[in-house]
Each structure stands twice: as C-alpha cells, then as structure tokens.
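In what follows, chains are A, B, ... by sequence order, proteins preceding strands, each numbered from 1. The structure displayed is predicted, hence computed values, not measured ones.
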Number of protein chains: 2
Amino acid sequence: MREYYTITELTREFGISTRTLRFYEDEGLINPVRRGRTRLYRPSDRHLVRQILRGRRLGFSISEIREIIQVYKAPPGEVGQLHLMIQKIEEKRQHLRQKRRDLEDTLQELDQAEEACVERLAELGVKT
Amino acid sequence: MREYYTITELTREFGISTRTLRFYEDEGLINPVRRGRTRLYRPSDRHLVRQILRGRRLGFSISEIREIIQVYKAPPGEVGQLHLMIQKIEEKRQHLRQKRRDLEDTLQELDQAEEACVERLAELGVKT
DNA sequence: CGATGAATTGACTTTTACGTAAATCAGGTG
DNA sequence: CACCTGATTTACGTAAAAGTCAATTCATCG
C-alpha cells in the first residue's frame with residue numbers, strides 16, 4: 001500500500017476533476033497533508049474519497065455526506081456523545097433503508113416492463 | 001379509487017409544492033388532464049408522481065427519471081424498438097445494482113461505526 | 001539557467017431543481 | 001355583487017455542485 005497519492009492520480013482513479021477534490025477539501029470532507037503547497041493524499045484520504053463518491057451516487061448532498069463521514073471517524077470519548085452518535089447512525093440507517101425500498105421497487109417495475117416487452121415480442125412471433 | 005386528484009391534494013400527500021408538480025409537467029414527466037385551465041390528476045398521474053419521487057430519492061436527475069419513466073410506459077409496437085427498450089432496461093438495472101452495492105457498503109460501514117461506539121461504551125463501563 | 005509541465009489559488013460561470021412574487025382567472029358563498 | 005379561495009401563468013431568483021479560465025508558483029530536467 002502506497003504512502004501518498006498525488007491529486008492527479010486520484011482524479012484518474014476516480015474519474016473526477018481536481019476542482020472536485022479541492023471542492024471537497026474546502027467543504028471539509030478531506031484533509032490531505034501538504035508538501036509545500038502540494039497536496040498529498042494518504043490511503044485514508046483515498047478511502048474517504050471513495051466513501052464520498054458512494055454517497056454522491058446515492059444522491060446524498062454534501063452536508064449529508066459530511067454527516068455520514070463524521071460517523072466513520074474515531075468514536076468520541078464521552079458517554080453522552082457516544083449515545084448521540086449511535087442515535088445518528090440509526091438515523092442514517094433509516095435513510096438508507098428507505099433508499100433500498102425505493103431501489104427494490106424500481107427494480108421490480110423494471111422487471112415488469114421488461115416482461116411486457118418480451119411478451120409483446122412473443123405476440124409478434126419473435127423467438128426469444 | 002378516486003377518478004381525479006387536485007394539485008393541492010397531491011402536494012399534501014407527497015409533501016411537495018405545486019411548483020414542483022408544474023415543473024415536472026414542464027419537463028414532460030406528467031400530463032394531467034385539464035378542466036378549463038385547472039389540472040386534474042388521474043390515478044395514473046399520481047402513480048407517476050410516486051415513481052418520480054422514488055427516482056429523486058435515489059439521486060437520479062430529471063432526465064434520468066424521464067428515461068426510467070419512458071420504460072414504464074406501454075411497450076412500443078416495433079420489434080427493433082422493443083429490443084432497444086429491453087437494452088435500455090438492462091442499462092437502468094446496472095445503475096440500480098451499482099447503487100445497491102454502494103448502499104450495502106455504506107450500511108456495513110455504519111454497522112462497524114456503531115460497533116466501535118458500543119465497544120467504547122463498554123470500555124467506559126457503561127452497561128448496554 | 002531557462003523552459004516545461006504539474007499544481008495552486010481565486011474569480012467567474014454554468015446547470016439543475018426548484019422557490020418566490022406578481023398578476024390574473026374561475027367558481028362558489030354570503 | 002363583492003369577496004374569498006384556490007389555481008394558473010410568467011418571470012426572475014437562488015443554492016448546490018461543480019466547470020472553466022487566468023495568473024502564478026514551483027520543481028526539475030536537459
């Protein structure tokens with residue numbers, strides 16, 4: 001496992017622009033270290049980027065992604081904070097479960113649509 | 001089952017604004033009938049709205065939602081079109097499967113995060 | 001040493017998905 | 001009829017998430 005990645009390496013790996021990476025940094029989602037002014041991304045930063053993009057694909061906003069990322073970090077030291085955190089996590093899970101329902105419903109309707117197409121083809125005497 | 005719904009009925013049912021419904025109409029996603037200038041939504045329109053909102057929650061853009069909705073409609077009459085349609089459907093399914101992977105991965109990381117919290121609580125001598 | 005190519009910062013622009021305001025209209029009610 | 005309520009149209013505004021462009025800096029290779 002490499003120690004550092006450059007910004008362009010990550011843009012290529014993930015198919016995003018440097019602007020996007022810097023934007024996520026401005027938004028406080030990642031914190032690459034610097035050598036001079038140049039950003040160096042650690043494996044942990046790289047993994048964060050992966051998580052961010054996952055959130056993006058799932059339609060979460062930057063601030064929602066920020067909240068999810070908070071959760072991934074080391075657990076807090078105080079008992080009250082820990083309970084709050086667990087509560088937050090459950091909340092996130094609810095959102096994801098809603099999305100999963102939406103997803104399964106959509107998949108099912110796609111199946112139905114395909115079936116209709118296949119039937120129509122059969123009616124037209126096309127062999128499948 | 002009701003024959004028609006007014007625009008405000010739908011806004012209340014789905015928790016969206018009239019602006020949003022009219023916007024979706026401008027975008028060609030729905031086509032309520034009219035009595036005079038007033039929009040009347042049929043059960044089929046209502047179902048479309050439900051599908052649109054599902055797509056929205058999953059992070060699809062309007063044009064992606066438009067494509068998905070196309071697929072839900074009655075299958076085309078021509079063989080070539082039918083094959084194209086089936087191809088499109090498979091494509092959509094791929095996108096949804098990607099989202100499902102993202103979703104499961106995120107859920108798993110949330111589980112890990114929660115476990116870390118619980119362990120930390122245990123270390124602090126808090127009974128669960 | 002000079003040029004070349006990657007990286008940075010900052011400012012401005014764009015696209016998407018609506019929000020909001022103003023003016024108008026239709027239809028029921030007292 | 002005056003009025004109110006709910007709907008419509010038109011037009012402009014806006015926040016989020018980047019894209020784009022320009023000016024600079026910096027390292028390093030020949």
Side-chain angles (χ1 to χ4, degrees), chain A residues 2-42 45-46 48-70 95 99 102 106, chain B residues 2-42 45-46 48-70 95 99 102 106:
Chain A
R2 309 244 330 249
E3 191 172 4
Y4 294 122
Y5 304 86
T6 73
I7 196 167
T8 34
E9 280 174 338
L10 290 193
T11 63
R12 281 183 195 137
E13 175 171 0
F14 293 114
I16 56 180
S17 69
T18 61
R19 178 72 181 84
T20 300
L21 279 170
R22 292 196 266 261
F23 173 69
Y24 291 155
E25 186 175 344
D26 283 351
E27 292 293 317
L29 301 183
I30 37 181
N31 259 86
V33 297
R34 303 269 181 147
R35 183 176 49 203
R37 303 199 307 167
T38 308
R39 293 165 174 82
L40 293 177
Y41 296 82
R42 293 154 293 187
D45 295 315
R46 177 159 162 271
L48 259 180
V49 172
R50 195 190 303 285
Q51 292 171 323
I52 293 168
L53 296 180
R54 243 166 31 199
R56 190 173 78 163
R57 283 193 297 271
L58 289 172
F60 288 112
S61 70
I62 294 296
S63 57
E64 287 171 318
I65 292 176
R66 203 195 330 271
E67 288 205 350
I68 296 179
I69 279 177
Q70 286 275 340
H95 295 164
K99 279 187 203 283
D102 290 331
T106 306
Chain B
R2 308 245 331 248
E3 190 172 4
Y4 293 122
Y5 304 86
T6 72
I7 196 166
T8 34
E9 280 173 338
L10 290 195
T11 63
R12 280 183 195 138
E13 174 171 3
F14 294 113
I16 57 181
S17 69
T18 60
R19 178 71 180 86
T20 300
L21 280 170
R22 293 190 190 112
F23 173 69
Y24 291 154
E25 186 175 344
D26 283 350
E27 291 293 316
L29 301 183
I30 39 182
N31 260 85
V33 296
R34 303 270 181 146
R35 182 177 48 205
R37 303 201 305 167
T38 307
R39 292 166 174 81
L40 293 177
Y41 295 83
R42 292 153 293 187
D45 295 315
R46 176 159 163 273
L48 258 180
V49 171
R50 197 191 300 285
Q51 292 171 324
I52 292 168
L53 296 181
R54 244 168 29 200
R56 188 173 80 163
R57 283 193 298 270
L58 289 172
F60 287 111
S61 71
I62 294 295
S63 56
E64 286 171 318
I65 291 175
R66 202 194 332 268
E67 289 204 349
I68 296 179
I69 279 177
Q70 286 273 341
H95 294 164
K99 280 190 203 282
D102 289 331
T106 306

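If you take CG of A:D26 and P of C:dT9, they are 9 Å apart, rounded to a whole angstrom. Remark: C1' of D:dA7 and OH of B:Y41 are 10 Å apart, rounded to the nearest angstrom. Following rounding to the nearest Å, B:E9 (CD) and D:dA7 (C1') show an atom-to-atom distance of 13 Å. The nearest whole Å value for the distance from the CZ atom in A:R39 to the P atom in C:dA6 is 17 Å. Residue A:E64 contributes atom CD, which lies 12 Å from atom P of D:dA16 at whole-angstrom precision. The CZ atom of A:R34 sits 10 Å away from the C1' atom of C:dA7 (whole-angstrom rounding). One can place CZ of B:F14 at 14 Å from P of C:dC18, the figure rounded to the nearest angstrom. Look at CG on A:L29: it is 12 Å from C1' on D:dA17, rounded to the nearest Å.
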Would you list the atom pairs, donor with acceptor, under 3.5 Å between side chains in residues 29-38 of chain A and any protein atom, with sequence neighbours excluded?
unit_1: A:R34; atom_1: NH1; unit_2: A:R37; atom_2: O; d: 2.8
unit_1: A:R34; atom_1: NH2; unit_2: A:E25; atom_2: OE2; d: 3.1

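Side-chain N/O atoms of B:R35 include none lying less than 4.0 angstrom from OP1 or OP2 on D:dT8. Proximity of B:Y24 to the phosphate of C:dA17: no side-chain N or O atom is located under 4.0 Å from OP1 or OP2. Regarding contacts with the backbone of D:dT8, every side-chain N or O of B:T18 stays at 4.0 angstrom or more from both OP1 and OP2. Between A:R22 and D:dA18 there is no side-chain polar atom (N or O) within less than 4.0 angstrom of OP1 or OP2.
Of the inter-residue distances, the one linking A:Y41 atom OH with A:R39 atom CZ reads 5.5 Å to the nearest 0.5 angstrom. A:F60 CZ to B:T106 OG1: the interatomic distance, rounded to the nearest 0.5 Å, is 7.0 Å. Rounding to the nearest 0.5 Å places CG of B:L48 at 9.5 Å from CZ of B:R42.
Closest approach of A:T11 and A:T18 over heavy atoms only: CG2-N, 3.6 Å.
If you check every strand for non-hydrogen atoms under 4.0 Å, A:I16 touches nothing.
Taking five base pairs at each end of the helix from C:dC1-D:dG30 to C:dG30-D:dC1 and finding the rotation axis that steps the C1' atoms of four pairs onto the next four gives two axes whose angle is 10°, to the nearest 10°.
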Atom pairs, protein N/O to nucleotides 20-27 of chain C N/O, distance under 3.5 Å:
unit_1: C:dT20; atom_1: O4; unit_2: B:R19; atom_2: NE; d: 3.2

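Comparing B:T6 and A:F60, the nucleotide of DNA chain D nearest to each residue sits closer to the 5' end for B:T6. Toward the 5' end of DNA chain C, the nearer of the two residues B:T20 and A:L40, judged by each one's closest nucleotide, is A:L40.
Of the listed nucleotides (D:dT9, D:dA17, D:dG19), D:dA17 has the atom at the smallest distance from the side chain of A:F23. When distances are taken from the side chain of B:T8 to each of C:dA7, C:dT9, D:dG6, the shortest belongs to D:dG6. Of the candidates D:dA18, D:dT8, C:dC18, D:dA18 carries the atom nearest the A:R56 side chain, counting heavy atoms from C-beta on.
The salt bridge (Lys or Arg N to Asp or Glu O under 4.0 Å) test with A:D102 singles out one residue from B:R54, B:R56, B:R57, and that residue is B:R57.
By the side chain to side chain contact (heavy atoms under 4.5 Å, CB included) test, B:F14 pairs with B:L10, B:I16, B:R46, B:V49, B:R50, B:L53, sequence neighbours left out. When the salt bridge (charged side-chain N to carboxylate O under 4.0 Å, His left out) test is applied to B:R19, no partner is found at least two apart in sequence or on another chain.
In this structure, a donor-acceptor pair under 3.5 Å is present between the side chains of B:S17 and B:T20.
Sorted by first then second residue, the salt bridge (charged side-chain N to carboxylate O under 4.0 Å, His left out) pairs that include residues 3-12 of chain B, not counting sequence neighbours, are B:R2-B:E9.
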